[in-house]
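Report on the structure given below.
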Amino acid sequence: MKQRILIVNSGGDCPGMNAVIRAIVKRANQEKNWEVIGSINGFDGILSEPLEIIPLTEKRVEGIHIQGGTILTTNNKRNPFCYPVKQSDGSIINEDVTDKLIYNLKVFNFDAVIHIGGNESHKISHKLSKKGVNIVGIPKTINNDLSITDFTFGFQTAAQVATEAVDKLVTTASSHNRVLILEVMGRDAGWIALHAAIAGGADVCLIPEIPFSMDKVLEKLKSRYSKDGRGFANIVVAEGAYFKNNKSDKNSDSIARKIASKLKEANFEADIRETILGHLQRGGTPIAFDRILATELGVKAFELVKEKKFGTMAVHQNFELTHKNLEEVINQYNKVDLSHNLIHTAKGIGISFGD
Ligand code: F6P
């Protein structure tokens with residue numbers, strides 16, 4: 001009988017998810033006795049009755065590495081330890097359904113699970129591993145917020161999209177003598193903002209790791225304008241950035257909008273406009289870097305399963321493809337270290353962090 005691997009992706013999608021699925025399938029098919037199955041919509045597929053799973057043949061995954069999204073669909077609200085279950089009266093109650101999950105894996109002869117996810121997803125991987133599930137993780141997310149791996153796939157594509165947005169905004173800001181504010185994703189990490197600010201040539205970069213002062217931002221903006229109001233400026237702000245001394249205000253509204261209204265309150269003379277880039281950063285074709293990284297991690301994850309190295313995650317560290325135990329992975333959130341060379345580089349070309 002063939003050995004069966006179930007692929008589950010969870011959390012938000014990101015460019016490269018299809019490339020990783022294809023790599024697992026292609027690598028498994030080089031062995032005689034493996035078959036790969038995909039769970040639809042995260043853990044839903046393996047938990048639903050009847051199961052919603054699809055055989056992932058080489059034919060099915062042909063050419064998908066260049067496609068954005070995931071052919072399996074995904075969900076960031078399907079934690080099997082706290083899973084929405086419809087009750088007989090129609091109400092929904094969150095329940096721990098991991099016993100059912102483990103039962104289904106056994107009954108349907110799954111030997112292992114490869115779980116593709118971000119920071120929160122791998123906390124689930126770790127808990128499932130402790131309950132005896134043969135699980136191997138693969139890191140993904142546009143946020144690049146998992147410390148254990150040099151880069152998560154999806155991040156470089158998102159940084160590219162954000163950079164292209166800065167490029168466009170710079171031309172229109174300069175044509176109208178405006179201040180344009182671009183808000184990018186990243187959760188509690190400023191990686192996308194930092195990369196886009198340097199690559200696109202922003203004047204101000206605001207990230208969650210450096211709480212900023214509006215006075216400092218204003219100082220930088222004023223330096224970009226002549227006395228007769230000619231000039232322009234571009235701000236890149238990470239969605240998780242916040243004002244110094246006002247952490248409680250974090251996440252209550254778009255930070256780009258808050259900055260725009262503070263600039264208006266301060267009677268800053270130039271026209272101000274804000275753009276929230278949103279899910280454009282998550283969709284679309286992965287750039288070559290992310291396709292390659294995803295492919296490397298897919299091949300490695302299959303090999304970890306084959307070697308029965310469960311409870312681990314395939315990672316890329318210091319240009320080496322390797323693996324780490326899940327418990328090491330989940331405790332380290334990858335924030336931008338203030339001594340990181342990119343902070344130094346950004347300051348070196350005059351980018352203000354509002355500090
Ligand atoms: O974790 C990826 C991410 O895109 C974050 O950057 C962002 O904060 C969040 O997901 C958005 O989630 P949703 O797609 O549920 O709006």
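Each ligand, and each atom within it, is numbered from 1 in the order the structure gives. None of these values were measured; they are calculated from a predicted model.
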Evaluate side chain to side chain donor-acceptor pair (under 3.5 Å) for S125 paired with H115, printing each intermediate quantity in order.
CA-CA 7 Å; S125 306; H115 189 199; 2.8 Å; yes
R187 and E239: CA distance, side-chain angles, deciding distance, salt bridge (Lys or Arg N to Asp or Glu O under 4.0 Å) verdict
CA-CA 6 Å; R187 249 183 87 192; E239 62 181 350; over 6 Å; no
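- Under the 4.5 Å side-chain criterion, counting only non-hydrogen atoms from C-beta, R282 is not in contact with T157.
- Ring-centre distance between Y103 and F108: not below the 6.0 Å cut-off.
- Taking the six-membered ring for Trp, F151 and F289 have ring centres closer than 6.0 Å.
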Please tabulate, one line per pair, the protein N or O atoms found under 3.5 Å from any N or O atom of ligand 1, giving the distance to one decimal.
residue, atom, partner, partner atom, Å
ligand 1, 1 (O), N143, ND2, 2.9
ligand 1, 4 (O), R282, NH1, 2.8
ligand 1, 6 (O), N143, OD1, 2.7
ligand 1, 6 (O), G186, N, 3.3
ligand 1, 6 (O), E239, OE2, 3.3
ligand 1, 8 (O), E239, OE1, 3.4
ligand 1, 8 (O), E239, OE2, 2.6
ligand 1, 10 (O), R282, NH1, 3.1
ligand 1, 14 (O), H279, NE2, 2.8
ligand 1, 14 (O), R282, NH1, 3.0
ligand 1, 14 (O), R282, NH2, 3.2
ligand 1, 15 (O), N76, ND2, 3.0
ligand 1, 16 (O), H279, NE2, 3.3

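- Taking a cutoff of 4.0 Å between a charged side-chain nitrogen and a carboxylate oxygen, E327 and K123 do not qualify as a salt bridge.
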